[in-house]
K.L.:
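What follows is a structure written as structure tokens; I'll ask about it next.
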Amino acid sequence: MELTAQQLKGFDGSDPSKPIYVAIRGTVYDVTSGKGFYGPGGPYAVFAGREASRALAKMSKSEEDVCGNLDGLSNEEMGVLQDWEKKFQAKYPVVGRLAS
């Protein structure tokens with residue numbers, strides 16, 4: 001399944017009848033099983049329904065970092081992102097891709 005960024009926003013946990021999705025490097029994961037983290041009020045709710053690569057790489061919950069722009073990230077930050085990506089791959093099912 002391919003989702004636009006706008007469509008992805010509809011899976012932010014605000015509608016309890018829908019799953020919660022987070023995208024990393026364009027891959028969309030179903031993180032509903034982690035709704036305590038990604039659902040409304042959760043510590044990582046800012047990532048729900050969004051492309052979160054930059055924020056994860058920078059270990060940031062800042063609104064301006066919650067995007068897919070990887071420009072200017074250090075090698076260390078790219079390594080952090082890779083670690084996050086491995087965690088998501090091990091824990092959450094892939095449901096699609098983010099349209100470019």
Side-chain angles (χ1 to χ4, degrees):
M1 155 172 65
E2 191 171 81
L3 295 167
T4 66
Q6 192 60 39
Q7 288 169 320
L8 183 61
K9 283 182 182 179
F11 296 93
D12 65 358
S14 60
D15 180 345
S17 70
K18 289 171 131 177
I20 302 170
Y21 293 166
V22 172
I24 300 175
R25 286 202 222 196
T27 299
V28 180
Y29 297 88
D30 181 339
V31 299
T32 308
S33 65
K35 69 180 165 208
F37 294 104
Y38 300 99
Y44 301 117
V46 69
F47 304 145
R50 315 265 303 269
E51 166 47 271
S53 297
R54 185 176 193 83
L56 291 170
K58 294 181 75 158
M59 302 288 285
S60 168
K61 291 192 217 170
S62 180
E63 196 59 45
E64 66 266 10
D65 288 328
V66 184
C67 67
N69 180 358
L70 304 179
D71 292 346
L73 292 179
S74 69
N75 286 340
E76 184 180 341
E77 289 167 331
M78 290 303 289
V80 169
L81 177 57
Q82 194 170 22
D83 289 346
W84 274 108
E85 205 169 12
K86 285 179 186 165
K87 285 176 187 155
F88 271 68
Q89 288 167 349
K91 195 170 184 176
Y92 302 116
V94 171
V95 292
R97 295 273 320 150
L98 200 55
S100 45

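Positions are given from 1 along the sequence. A quick note: this is a predicted structure, and the numbers were derived from the prediction, not measured. Keep in mind that the numbers below use all heavy atoms, side chains included, and drop hydrogens, waters and symmetry copies.
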K.L.:
Determine whether M1 and V94 fall in the same hydrophobic cluster, where Ile, Leu, Val, Met, Phe, Trp and Tyr are linked whenever their side-chain heavy atoms lie under 4.5 Å apart.
P.N.:
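In one cluster with M1: V94, no.
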
K.L.:
Of the non-hydrogen atoms in S53 and G68, which two are nearest, and what is the gap between them?
P.N.:
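Residues S53 and G68, closest heavy atoms: CB-CA, 4.3 Å.
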
K.L.:
Do you reckon V46 sits in the same ILVMFWY cluster as Y21, going by side-chain contacts under 4.5 Å, direct or chained?
P.N.:
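No, separate clusters.
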
K.L.:
Taking atom CD of Q6 and atom NZ of K9, what is their separation to the nearest 0.5 Å?
P.N.:
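Answer for the CD-NZ pair, Q6 versus K9, is 5.0 Å.
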
K.L.:
Answer yes if Y44 and L8 sit in the same cluster of Ile, Leu, Val, Met, Phe, Trp and Tyr residues linked by side chain heavy atoms under 4.5 Å apart, and no otherwise.
P.N.:
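No; L8 is not reachable from Y44 via cluster members.
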
K.L.:
Residues in salt bridge (Lys or Arg N to Asp or Glu O under 4.0 Å) with D65, at least two apart?
P.N.:
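Salt bridge (Lys or Arg N to Asp or Glu O under 4.0 Å) list for D65, sorted by chain: R54, K58.
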
K.L.:
Can you give me the closest heavy-atom contact between P16 and S14, atom names plus distance?
P.N.:
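Between these two residues, the closest heavy atoms are CD-O, 3.5 Å.
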
K.L.:
Answer yes if V22 and V66 sit in the same cluster of Ile, Leu, Val, Met, Phe, Trp and Tyr residues linked by side chain heavy atoms under 4.5 Å apart, and no otherwise.
P.N.:
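Yes, one cluster joins them.
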
K.L.:
What's the verdict on side-chain contact (heavy atoms from CB on, under 4.5 Å) for T27 and R97, showing C-alpha distance, side-chain angles and the deciding distance?
P.N.:
CA-CA 5 Å; T27 299; R97 295 273 320 150; 2.7 Å; yes

K.L.:
Looking at K61 and P43, would you say the former's side chain and the latter's main chain have a donor-acceptor pair under 3.5 Å?
P.N.:
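Answer holds: yes.
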
K.L.:
Looking at E77 and A57, what are the two nearest heavy atoms and their distance?
P.N.:
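Closest approach of E77 to A57: O-CB, 3.4 Å.
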
K.L.:
Please round to the nearest 0.5 Å and tell me the distance separating atom CG of N75 and atom CD of Q82.
P.N.:
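Rounded to the nearest 0.5 Å, the CG-CD separation comes to 11.0 Å.
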
K.L.:
By side-chain contact (heavy atoms from CB on, under 4.5 Å), which residues pair with E2, not counting sequence neighbours?
P.N.:
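Partners of E2 under the side-chain contact (heavy atoms from CB on, under 4.5 Å) test: A99.
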
K.L.:
In this structure, are over 12 heavy atoms from other groups packed under 6.0 Å from E64 atom CD?
P.N.:
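Yes - once you tally the heavy atoms of other residues, nucleotides and ligands closer than 6.0 Å, there are more than 12.
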
K.L.:
On a heavy-atom basis, which atom in P40 and which in A45 lie closest, and how many Å separate them?
P.N.:
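Minimum heavy-atom contact is CA-CB, 4.4 Å.
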
K.L.:
With hydrophobic residues grouped by side-chain heavy-atom distances under 4.5 Å, do V28 and L56 end up in a single group?
P.N.:
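No, separate clusters.
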
K.L.:
Have a look at Y29 and tell me which of Y92, F11, F47, F88 forms a ring pair (Phe, Tyr, Trp, His ring centres under 6.0 Å) with it.
P.N.:
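By the ring pair (Phe, Tyr, Trp, His ring centres under 6.0 Å) criterion, Y29 pairs with just one of Y92, F11, F47, F88: F88.
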
K.L.:
Who passes side chain to side chain donor-acceptor pair (under 3.5 Å) against D15, sequence neighbours left out?
P.N.:
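If we apply the side chain to side chain donor-acceptor pair (under 3.5 Å) test to D15, skipping adjacent residues, the hits are S17.
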
K.L.:
Can you give me the closest heavy-atom contact between A48 and I20, atom names plus distance?
P.N.:
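It is CB-CG2, 3.7 Å.
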
K.L.:
To the nearest 0.5 Å, what is the distance between CG (L70) and CZ (R25)?
P.N.:
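Rounded to the nearest 0.5 Å, the CG-CZ separation comes to 6.5 Å.
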
